[in-house]
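These numbers come from a predicted model, not from an experiment. First the proteins, then the strands, lettered A, B, ... as listed; each starts at 1.
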Amino acid sequence: MLAFMAFQSEPDSETLKKLAEVAGWTIPEARMQEIAALYKPIFDDTRVLRKLNLGDSVPATVFEAE
Amino acid sequence: MTDAELKKLTLASAARLVAKKEISPVELTQAVLDRIGRLNEKMRTFITVTGDKALERAKAAEREIAGGRRPPLQGVPISLKDLYDTKGIKTTAGSKIFEARVPNEDASVVKKLNDAGVVLVGKANMHEFAFGVTTMNPHYGTARNAWNPECISGGSSGGSASAIALSLGFGSLGSDTGGSIRIPASVCGIAGLKPTYGRSSLRGVVPLSWSLDHPGPMAQTVEDVALLLGVIAGHDPQDPYSRKMPVPRYTEALTGNIKGVRVGIPRTYFFDHVAPEVDSAVRVALKTLERLGARMVEVDMPTAALQRAIWTHIASPEAYAFHEHYLEKQGDLYGSDVRGRIESGRLLLSVDYVRAQRARSIMKDECKAAFKSADVIVTPTLPIPPPRIDRLLQPWGSEPETAQASLTRFTRPFNLTGVPTISIPCGFTAENLPIGIQIAGKAFDESMVLRVAHAYEQDAKWFERRPAM
């Protein structure tokens, strides 16, 4: 988890590579920089989401028993 | 039938003329196919043209009419976004992966359209796997905008919108996960409705994001859209997301009377950082609604400002879950933009997905509260006019936001809340490019959305302006 948190503030190609290995994902060298660049704005959004006060809200997708 | 005669027809008028035997379905279908033959190479509107099957079906429709069988859309040519399964007809979802995929069965809504008598002329081009807003498809070409081929047709249902604007069929079905019906409808100057989540079946529709996908109709006018929705709406026991709700006769809502209807104007977000020509056209449209008897009220949806964060953390993991197998085996066959967007779902934490779904609940509650004081909410569909292809990745105003990134800013909140939302034209820029207005309603109250949209449309008459092509 700590690795993920660090990664999510600085998603460079080296940390991405390590995380991808842990997650069983082989990323070709040629695509590493491209994918790291893609993750940066997404993790900017992740931080916005984490700061949000969610109160007692429940997830929008709730299992309905039948 | 000449091109000029064809371009005057709408889905509703074509259906009426066919029913009265004033136009033959064969003549109509042939005229549409001839026009597709002339324009498709340049405009890249269709991935597959179903010429022979269409003529066969049109001949059958002619025989059925002679025998007295007249379902509501008998003999009327339409298209389908190429992610609706069609029995015996290739369904690619705009991808190389599904290049040779031929379904054994029609999607549930396609079955309903066939029962209503339509003639399918082709499967429309789309952004690969519906994950993008441009329909610049690396495998099937860029679907061009009928008003200016140097501009995008929008996406992901860009081929469907382009087909209608070019009179290559009188209606189409698109799908909308973050704006993919309303964005192309706006930039192509047509009407496109994202119905309530669960209103029409997703069975047999290639998914992008299960909890955000909405299938819906696109056509020239609000009446056309109402007719198509009347056919495709309704519970499907084979679609677990489909809801058991009564389906009204939508055309009955098109009274032209909106006296006393409360039009909600969001106090924040939806009118921020909007191009002057768009802002001005939408404000004139609001004045028109007021003149027609609607009452303006202010509403609040503050969480809408977080739409990108919430949407991305739901859509990307859901898309990745569907594509995981294909990416592992055939990742190189994806276009680079779409592959990147889908793969971005892979390393997001599950807790952030749940967090996004909780934030979505808050947005849904805010939307519900807004609809206590308003019958509809009106906003611009897009903050900018249709962007040129070569300027998509450039900032369009004083802020760093690119033209491409701006396109989903006002549409995604209504995917997250699931409420019915239409885009219709509300004016044109100085360069003769269409501008769209977005009208959202309460869940399952498509009738009110259509009623307001129709009253405005019939007063403003923007639908009468057609591309020169």
Asks: Considering all heavy atoms of both residues, which atom of S361(B) and which atom of P59(A) are nearest to each other, and what is their separation?
Replies: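 Closest approach of S361(B) to P59(A): OG-C, 3.5 Å.
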Asks: Between E328(B), R355(B), R308(B), which has the largest tally of heavy atom pairs under 4.5 Å with chain A?
Replies: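 The option with the most such pairs is R355(B).
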Asks: Which region of S211(B), side chain (C-beta onward) or backbone (N, CA, C, O), has a non-hydrogen atom less than 4.5 Å from a non-hydrogen atom of chain A, or is it both or neither?
Replies: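 The side chain, not the backbone.
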Asks: Does any backbone or side-chain atom of L54(A) lie under 4.5 Å from a heavy atom of chain B? Answer side chain, backbone, both or neither.
Replies: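 Both parts, heavy atoms under 4.5 Å.
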Asks: Flag the one option from I362(B), T303(B), L416(B) with the top tally of heavy-atom pairs under 4.5 Å to chain A.
Replies: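 Going by pairs under 4.5 Å, I would pick I362(B).
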Asks: Can you say whether I42(A) sits under 4.5 Å from chain B via the side chain, the backbone, both, or neither, judging by heavy atoms?
Replies: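 For I42(A), the contact with chain B is made by backbone and side chain together.
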Asks: Is there a donor-acceptor contact under 3.5 Å linking the side chains of Y334(B) and E343(B)?
Replies: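 Short answer, no.
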Asks: Looking at V58(A), V48(A), L38(A), which has the largest count of heavy-atom pairs under 4.5 Å with chain B?
Replies: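 Sorted descending by pairs with chain B, the first entry is V58(A).
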Asks: Using non-hydrogen atoms and a 4.5 Å limit, figure out which bit of R341(B) sits close to chain A: side chain, backbone, both or neither.
Replies: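 R341(B) touches chain A through backbone heavy atoms alone.
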Asks: Check whether any side-chain heavy atom of S95(B) sits under 4.5 Å from a side-chain heavy atom of Y326(B), and report yes or no.
Replies: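 No. Closest side-chain heavy atoms not under 4.5 Å.
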Asks: With only heavy atoms counted, which part of I35(A) is less than 4.5 Å from chain B, the side chain, the backbone, both or neither?
Replies: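 Only the side chain of I35(A) comes within 4.5 Å of chain B.
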Asks: Aromatic contact between F371(B) and F444(B), with the criterion being ring centroids under 6.0 Å apart: yes or no?
Replies: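 That pair fails the under 6.0 Å test.
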Asks: For the residue pair H313(B) and T46(A), confirm or rule out a side-chain donor-acceptor distance under 3.5 Å.
Replies: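 Per modelled atom types, H313(B) and T46(A) side chains form a pair under 3.5 Å.
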Asks: Under 3.5 Å, is there a donor-acceptor pair between the side chain of S242(B) and the main chain of D236(B)?
Replies: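 Checked: pair present.
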